[in-house]
Amino acid sequence: MKPKSGKYITFLPDERIVPVGQKDESVLDVALRNGVNINHTCGGNGTCGTCLLWVEEGLEELHPRSEMEAEMAIDRTFRKEERLACQIHPIHGLKVRIPSGS
Ligand code: FES
């Protein structure tokens, strides 16, 4: 169910729609604050890759990869829609899929 107003993002496959909080939060922060489970072995430091998500809507509006995320993307051959939850900030209407096993 969508919040009545404000900004929100959606986590698939469970279709969890949650409000976006503070400006500096990452998508991982928003997920954990709302009880959406995403692996985050390195604690959100951008070094483990376990928080990988597939962006299904809003990819064009996300900021470019940080240097750290870009290096990992090259090393692990991420597709452009594969982003690290701890390295992206939520934007209204963002829809991301948590891979099975995460
Ligand atoms: S939590 Fe480790 S890279 Fe995001």
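For ligands, and for the atoms within them, numbers begin at 1 and follow the listed sequence.
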Within 45° of the ring axis of Trp54 and under 6.0 Å from its six-membered ring centre, is that where the NZ or CZ of Arg79 lies?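 Verdict for Trp54: a cation-pi partner in Arg79.
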Does any part of the side chain of Lys7, heavy atoms only, come nearer than 4.5 Å to the side chain of Ile91, both counted from C-beta?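 No, their side chains stay 4.5 Å or more apart.
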Do Pro19 and Asn34 come within less than 4.5 Å of each other through their side chains, counting heavy atoms only?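 Yes, at least one pair of side-chain atoms sits under 4.5 Å.
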Tell me the protein heavy atom at minimum distance from atom 3 (S) of ligand 1, and give that distance in Å.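 Protein heavy atom at minimum distance: Gly49 N, 3.2 Å.
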Give me the nearest non-hydrogen protein atom to atom 1 (S) of ligand 1 as residue plus atom name, then the distance to 0.1 Å.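 Answer for atom 1 (S) of ligand 1: Gly44 N, 3.4 Å.
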Under a 4.0 Å threshold between the charged nitrogen and the carboxylate oxygen, would Glu82 count as salt-bridged to Arg76?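 Not counted as a salt bridge, because no side-chain N and carboxylate O are separated by less than 4.0 Å.
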Less than 4.0 angstrom from a charged side-chain N to a carboxylate O is my criterion; do Glu56 and Lys95 meet it?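 A salt bridge is absent here (no side-chain N lies under 4.0 Å from a carboxylate O).
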Give the numbers and elements of all ligand 1 atoms closer than 4.0 Å to a heavy atom of [X].
X	value
Gly46	3 (S)
His40	1 (S)
Cys51	1 (S), 3 (S), 4 (Fe)
Thr47	3 (S)

Before moving on, can you tell me the angle at atom 2 (Fe) of ligand 1 between the SG atom of Cys42 and the SG atom of Cys48, to the nearest 10 degrees?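 Reported to 10°, the angle equals 100°.
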Donor-acceptor contact below 3.5 Å, side chain His89 vs main chain Val27: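 Judged by distance alone, no pair lies under 3.5 Å.
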Do side-chain atoms of His40 reach the backbone of Cys51 as a donor and acceptor pair under 3.5 angstrom?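 Here the side-chain-to-backbone pair does not exist.
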Heavy-atom pairs closer than 4.0 Å: do any link ligand 1 to the side chain of Asn39, the backbone, both, or neither?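 Within the 4.0 Å criterion, Asn39 makes no contact with ligand 1.
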Would you check if atom 4 (Fe) of ligand 1 lies under 2.8 Å from any N, O or S atom of Cys86?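 Yes, Cys86 qualifies, because one of its backbone or side-chain N, O or S atoms lies under 2.8 Å.
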